[in-house]
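Computed from heavy atoms alone, side chains included, the values below leave out hydrogens, waters and symmetry copies.
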Amino acid sequence: MSDSNLIVKAYEADKEGVVLTVTPESAGWEYVGFQVVKLAEGQVLRRETGSNEICLVLLSGKADVSTKLQSWQGIGERMSVFEKIAPYSVYVPNEDVYEVKALTDVELAVCAAPGFGRYPARLIEPAQVGIEARGYGNIERRIHNILPEQESADSLLVVEVFTPDGHWSSYPPHKHDRDSLPDESLLEETYYFHVQPEQGFAIQRVYTDDRSLDETLVVRDGQTVLVPKGYHPVCAPPGYEVYYLNVMAGPTRTWKFHNDPDHAWLMTKPRE
């Protein structure tokens with residue numbers, strides 16, 4: 001199970017600090033790129049965005065961030081995602097440049113998708129991140145909407161989710177793999193996981209209606225799961241809290257999902 005080609009594992013940091021990479025080419029899809037960069041205090045990451053828009057999410061640590069026309073000093077607050085406070089993020093359009101200088105050790109998510117130059121670079125502060133509880137009982141989880149469809153971007157949708165131990169999320173199982181609006185949108189998706197305590201694991205199932213894809217994955221701290229299509233529920237085993245960062249993009253920037261008909265009844269279950 002752990003050898004699935006849907007799991008992308010971390011590797012030893014390269015000279016930029018990159019420890020995990022997903023490109024459209026490596027994933028076999030068209031839209032979503034994703035990297036995790038770990039910077040030591042004082043280390044600087046400088047890049048051109050090229051044809052992609054970028055959402056830089058400070059998963060942990062503090063940094064100075066600048067683009068061609070903007071700069072923000074000393075952003076970042078949480079030292080661990082499990083502090084459960086919303087992150088600082090920076091949106092950077094295509095054909096721009098960004099520089100991140102780490103003021104502490106930093107874990108940075110670099111979320112990428114096609115950009116069309118519609119929006120300028122901006123800071124996304126924690127106060128701008130919509131926080132909600134979704135689900136009920138043991139399918140309740142905490143959502144941080146970092147870059148939802150109501151906020152400006154060309155392609156990217158970015159959200160983070162905290163699943164308490166013993167709970168399920170992305171549940172009931174749903175999918176968004178058909179370009180069939182208004183009923184369903186086609187969105188590729190990555191899940192980047194952290195687990196606390198870190199020796200734990202999460203379980204994620206990725207499956208289609210016809211079961212031509214049907215994999216049950218054991219996911220460990222610091223790994224990424226690719227969701228090219230199909231339903232994709234997540235389970236946090238008892239004793240282990242699970243965090244994931246979702247990056248989505250597709251031909252239309254809207255999140256319209258379809259619940260698995262076998263399990264859609266859970267949405268209408270009477271609450272005691």
Side-chain angles (χ1 to χ4, degrees), residues 6 8 16 18-37 45-59 65 67-70 87-100 107-124 128-130 143-161 170 174-181 184-193 206 223-230 232 244-257:
L6 297 181
V8 181
E16 283 191 313
V18 178
V19 298
L20 187 147
T21 298
V22 174
T23 65
E25 293 75 21
S26 70
W29 57 33
E30 292 185 53
Y31 299 97
V32 172
F34 179 71
Q35 282 191 322
V36 178
V37 185
L45 176 71
R46 181 179 173 83
R47 288 181 174 169
E48 297 180 355
T49 59
S51 61
N52 285 327
E53 64 177 1
I54 302 292
C55 183
L56 302 169
V57 182
L58 277 165
L59 297 174
V65 179
T67 64
K68 279 181 183 176
L69 301 177
Q70 301 263 25
Y88 280 81
S89 304
V90 174
Y91 172 82
V92 191
N94 58 297
E95 309 306 332
D96 204 333
V97 174
Y98 61 87
E99 182 177 286
V100 180
E107 184 181 33
L108 179 73
V110 182
C111 315
F116 309 113
R118 297 189 183 112
Y119 307 104
R122 70 181 188 276
L123 176 66
I124 303 170
Q128 298 169 273
V129 174
I143 312 293
H144 289 172
N145 290 302
I146 297 167
L147 193 56
E149 63 184 271
Q150 297 82 7
E151 300 294 334
S152 300
D154 291 328
S155 299
L156 281 169
L157 296 163
V158 182
V159 63
E160 62 181 11
V161 178
S170 295
H174 69 268
K175 71 180 182 73
H176 37 72
D177 60 12
R178 292 186 306 131
D179 190 4
S180 184
L181 292 169
E184 186 176 346
S185 54
L186 194 164
L187 294 169
E188 303 159 353
E189 185 168 22
T190 54
Y191 276 66
Y192 175 62
F193 283 84
V206 182
Q223 295 183 340
T224 291
V225 170
L226 308 176
V227 182
K229 61 182 178 179
H232 39 276
Y244 54 79
L245 179 75
N246 289 141
V247 182
M248 293 180 281
T252 306
R253 188 176 178 264
T254 186
W255 184 54
K256 299 294 183 186
F257 61 88

Practice problem: Report the residue from V90, V110, L56 that forms a side-chain contact (heavy atoms from CB on, under 4.5 Å) with V100. | Solution: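 The side-chain contact (heavy atoms from CB on, under 4.5 Å) with V100 is passed solely by L56 among V90, V110, L56.
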Quiz prompt | side-chain contact (heavy atoms from CB on, under 4.5 Å) partner of I146, chosen from V159, L245, V247 | solution =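 Among the candidates, only L245 passes.
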Shortest non-hydrogen contact from [X] to [Y]?
{"X": "S155", "Y": "P114", "answer": "OG-O, 2.6 Å"}
{"X": "A153", "Y": "Y91", "answer": "CB-CE1, 4.0 Å"}
{"X": "R122", "Y": "S152", "answer": "NH2-O, 2.8 Å"}
{"X": "V22", "Y": "A27", "answer": "CG1-CB, 4.0 Å"}
{"X": "D179", "Y": "P251", "answer": "OD2-CG, 3.8 Å"}
{"X": "H176", "Y": "E184", "answer": "CA-OE2, 3.5 Å"}

Quiz prompt | Under 3.5 Å: donor-acceptor pair, side chain of K68, backbone of A121 | solution =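 Answer holds: no.
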Quiz item: Any donor-acceptor pair under 3.5 Å linking the side chain of T67 with the backbone of V92?
Solution: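 Pair absent, no side-chain N/O of T67 close to backbone of V92.
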Using 0.5 Å steps for rounding, measure from the [atom1] atom of [X] to the [atom2] atom of [Y].
{"X": "N145", "Y": "I124", "atom1": "CG", "atom2": "CD1", "result": "11.5 Å"}
{"X": "E160", "Y": "S89", "atom1": "CD", "atom2": "OG", "result": "7.5 Å"}
{"X": "T224", "Y": "L20", "atom1": "OG1", "atom2": "CG", "result": "4.0 Å"}
{"X": "F34", "Y": "T21", "atom1": "CZ", "atom2": "OG1", "result": "9.5 Å"}
{"X": "T49", "Y": "E95", "atom1": "OG1", "atom2": "CD", "result": "6.0 Å"}
{"X": "I54", "Y": "Y98", "atom1": "CD1", "atom2": "OH", "result": "5.0 Å"}

Quiz item: Does CD belonging to E48 count more than 12 external heavy atoms closer than 6.0 Å?
Solution: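 At most 12 heavy atoms, drawn from other residues, nucleotides or ligands, come within 6.0 Å of this atom.
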Quiz item: Would one find more than 12 heavy atoms of other residues, nucleotides or ligands at under 6.0 Å from atom CZ of R118?
Solution: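 More than 12 heavy atoms, drawn from other residues, nucleotides or ligands, come within 6.0 Å of this atom.
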Quiz prompt | Residue list, side-chain hydrogen bond (donor to acceptor under 3.5 Å, both in side chains) with D177, at least two apart or on another chain | solution =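 By the side-chain hydrogen bond (donor to acceptor under 3.5 Å, both in side chains) rule, D177 matches K175.
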Side chains of [X] and [Y] in contact at under 4.5 Å (non-hydrogen atoms):
{"X": "L58", "Y": "L108", "answer": "yes"}
{"X": "E189", "Y": "V32", "answer": "no"}
{"X": "L157", "Y": "E149", "answer": "yes"}
{"X": "Y244", "Y": "V225", "answer": "no"}
{"X": "L226", "Y": "T190", "answer": "yes"}
{"X": "Q128", "Y": "E151", "answer": "no"}
{"X": "L186", "Y": "R178", "answer": "no"}
{"X": "D154", "Y": "N94", "answer": "yes"}

Quiz item: Is a side-chain donor-acceptor pair under 3.5 Å present for Y191 with S170?
Solution: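 Indeed, the side chains of S170 and Y191 share at least one donor-acceptor pair under 3.5 Å.
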Practice problem: For the residue pair H232 and H174, categorise the inter-ring angle as parallel (less than 30°), tilted (30 to 60°) or perpendicular (more than 60°). | Solution: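 The rings of H232 and H174 stand perpendicular, inter-plane angle above 60°.
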Practice problem: In sequence, state the C-alpha distance, the side-chain angles, and the governing distance for S185 and T254, and then conclude on side-chain contact (heavy atoms from CB on, under 4.5 Å). | Solution: CA-CA 7 Å; S185 54; T254 186; 4.0 Å; yes
